[in-house]
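Counting begins at 1 with the first residue of the sequence. Bear in mind the structure is a predicted one, so any value in this text is a computation, not a measurement.
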Amino acid sequence: MTPTNVNADFSARAVVHGGIAPWIASPMPGVERKLLDRIGGEVARATSIVRYAPGSHFSPHTHDGGEEFLVLDGVFTDEHGDYPAGSYVRNPPTTRHTPGSAAGCTILVKLWQFDPDDRVSLRLDTATLPLAAHPDAPGVSSRLLYRDEREEVRIEAWEPGARVHRQIEGGLEVFCLAGGFAQGGDGFVPWSWLRLPVGAVLEAEAGPAGCRLWTKEGHLRHVAAPPGA
């Protein structure tokens, strides 16, 4: 049975090392999940790593609360196209699709975290986007993927040994894609996930190989469970 509350205290720092977290079966054969945070049952405000076995798929469904995902490996497919590793997709509330993967894939996915009136769809290949040096953060380069009044989503690269200090006004999530960094006494490696609450301060240092990260900031001022959760 899928747990209904995972890292559900959004006033607290949360860490999950996805590389060693257990896989949990979903209702669909061949689709498994590693839970990062969750409020609710099968209809949930959720952040997960989801793995599709070759040839697996979900039934057609509408995302009443929206869906956002980043393809980590393989190729994700729906009726709108094929999305290789590095693809970043926003499917806002009311969008509908039939997701699956012919060859298999793994994605980082967030559900029920949109403004109900958001209708902005987005499909980007982050693997080909150039990064620009951050003017106020030595050793940090980044590329904006999406920004609105609620949140800001980026791909970031930290040079080896870069020290990062950042005031987190609206909360922050960091997912390590490559390399590693240290923060709060923890070492983060690929598929490690960090969540810092509203008002926190990020103090981190990149490892000897540097790191590449997916980050989302500002959105933790707007945490709500889906209806009935």
For this session: Identify whether Val75 and Val89 are in the same connected component of the hydrophobic contact network (ILVMFWY, side-chain heavy atoms under 4.5 Å).
Result: no

For this session: Report whether Val71 and Leu111 are members of the same hydrophobic cluster (ILVMFWY, side-chain heavy atoms less than 4.5 Å apart, transitive linking).
Result: yes

Exercise. Got Arg150 and His219 here, is their nearest side-chain heavy-atom distance under 4.5 Å?
Worked result: no

Exercise. Do Asp148 and Asp118 have side-chain heavy atoms sitting under 4.5 Å apart?
Worked result: yes

Exercise. Counting only N and O atoms by type, is there a donor-acceptor contact under 3.5 Å from the side chain of Gln183 to the main-chain atoms of Glu205?
Worked result: no

Exercise. Is there a chain of hydrophobic side chains (I, L, V, M, F, W, Y, each step under 4.5 Å between heavy atoms) that links Phe114 to Ile39?
Worked result: no

Exercise. Are side-chain heavy atoms of Arg143 and Leu124 found at a separation under 4.5 Å?
Worked result: no

Problem set entry | Under 3.5 Å donor-acceptor, Arg38 side chain and Gly41 backbone | yes

Exercise. When you measure from the side chain of His63 to the backbone N and O of Gly65, does any donor-acceptor pair fall under 3.5 Å?
Worked result: no

Exercise. Under 3.5 Å, is there a donor-acceptor pair between the Asp73 and Thr106 side chains?
Worked result: yes

For this session: Ignoring hydrogens and angles, state whether a donor on the side chain of Glu152 or Thr215 is under 3.5 Å from an acceptor on the partner side chain.
Result: no

Problem set entry | Whether over 12 other heavy atoms sit under 6.0 Å from His57 NE2 | no

Problem set entry | Passing option when Glu173 is tested against Lys110, Arg13, Arg195 for salt bridge (Lys or Arg N to Asp or Glu O under 4.0 Å) | Lys110

Exercise. Between Glu32 (side chain) and Tyr52 (backbone), is there a donor-acceptor pair under 3.5 Å?
Worked result: no

Problem set entry | Leu196 side chain reached by Leu194 side chain, heavy atoms, under 4.5 Å | yes

Exercise. Could you give the distance from CZ (Phe76) to CZ (Phe69), rounded to the nearest 0.5 Å?
Worked result: 4.0 Å

Exercise. Just how far is it from atom OG of Ser142 to atom CG of Leu129, taken to the nearest 0.5 Å?
Worked result: 11.5 Å

Exercise. Side chains of Thr47 and Phe175: does their closest heavy-atom pair fall under 4.5 Å?
Worked result: no

For this session: Show the numbers, then the answer: is there a side-chain contact (heavy atoms from CB on, under 4.5 Å) between Leu70 and Ile107?
Result: CA-CA 6 Å; Leu70 178 70; Ile107 64 175; over 6 Å; no

Exercise. Does Leu172 belong to the same Ile/Leu/Val/Met/Phe/Trp/Tyr cluster as Val198, with side-chain heavy atoms less than 4.5 Å apart forming each link?
Worked result: no

Exercise. Minimum heavy-atom separation for Leu36 to Trp193, with atom names?
Worked result: O-CZ3, 3.4 Å

For this session: State, with a plain yes or no, whether a side-chain heavy atom of Arg163 is found less than 4.5 Å away from one of His165.
Result: no

Exercise. Tell me, do Leu177 and Ile155 make a side-chain contact under 4.5 Å, heavy atoms counted?
Worked result: yes

Exercise. Under the 3.5 angstrom rule, does the side chain of Glu79 hit a backbone N or O of Thr98 as a donor-acceptor pair?
Worked result: yes

Exercise. Looking only at heavy atoms, what is the nearest atom pair of Lys34 and Ile20, with distance?
Worked result: NZ-C, 4.4 Å

Exercise. Has the side chain of Arg119 got a donor or acceptor atom that lies under 3.5 Å from a matching backbone atom of Pro116?
Worked result: yes

Problem set entry | Short side-chain to backbone donor-acceptor contact, Thr126 and Gly86, under 3.5 Å | yes

Problem set entry | Pairwise ring pair (Phe, Tyr, Trp, His ring centres under 6.0 Å) hits with a residue in residues 14-40, at least two apart | His17-Phe188

Exercise. For the residue pair Ser121 and Pro92, what are the closest heavy atoms and their distance?
Worked result: OG-CD, 3.3 Å

Exercise. Counting heavy atoms not belonging to Arg221, are there more than 12 under 6.0 Å from its CZ?
Worked result: yes

Problem set entry | Closest approach of Gly179 to Pro190 (non-hydrogen atoms, all atoms of both residues) | O-CD, 3.1 Å

Exercise. Taking it one step at a time, do Leu35 and Val16 satisfy side-chain contact (heavy atoms from CB on, under 4.5 Å)?
Worked result: CA-CA 9 Å; Leu35 308 182; Val16 177; over 6 Å; no

Problem set entry | Heavy-atom closest pair, residues Cys176 and Val189 | CB-O, 3.2 Å

Exercise. Do Tyr88 and Trp214 come close enough that some side-chain heavy atom pair is under 4.5 Å?
Worked result: yes

Problem set entry | Candidates Glu67, Arg96, His80 - the one meeting side chain to side chain donor-acceptor pair (under 3.5 Å) with Asn91 | Glu67

For this session: Verify side chain to side chain donor-acceptor pair (under 3.5 Å) between Glu159 and Ser141, making sure each step is shown before the conclusion.
Result: CA-CA 8 Å; Glu159 295 178 1; Ser141 299; 5.4 Å; no

Exercise. Are Trp191 and Leu213 joined in one hydrophobic group, where the rule is that I, L, V, M, F, W and Y side chains link up if heavy atoms are under 4.5 Å apart?
Worked result: no

For this session: Would you kindly say whether Tyr146 and Glu68 are connected by a side-chain donor-acceptor distance under 3.5 Å?
Result: no

Seminar exercise, completed: Nearest heavy-atom contact between Leu145 and Leu122 is O-CD2, 3.3 Å

Problem set entry | Backbone of Val120 reached by a side-chain donor or acceptor of Arg90 within 3.5 Å | yes

Exercise. With no hydrogens and no angle check, do the side chains of Arg33 and Ser26 hold a donor and an acceptor under 3.5 Å apart?
Worked result: no

Exercise. Is the backbone of Ala8 close enough, under 3.5 Å, to the side chain of Asn5 for a donor and an acceptor to pair up by distance?
Worked result: no

Problem set entry | Arg166 bridged to Glu156 by N-O distance under 4.0 Å | yes

For this session: May I ask you to establish whether Arg123 and Tyr83 are in a cation-pi arrangement, using a distance under 6.0 Å from NZ or CZ to the six-membered ring centre and at most 45° from the ring axis?
Result: no

For this session: Using a strict cut-off of less than 4.0 Å between a Lys/Arg side-chain nitrogen and an Asp/Glu carboxylate oxygen, indicate whether Asp37 and Arg45 qualify as a salt bridge.
Result: yes

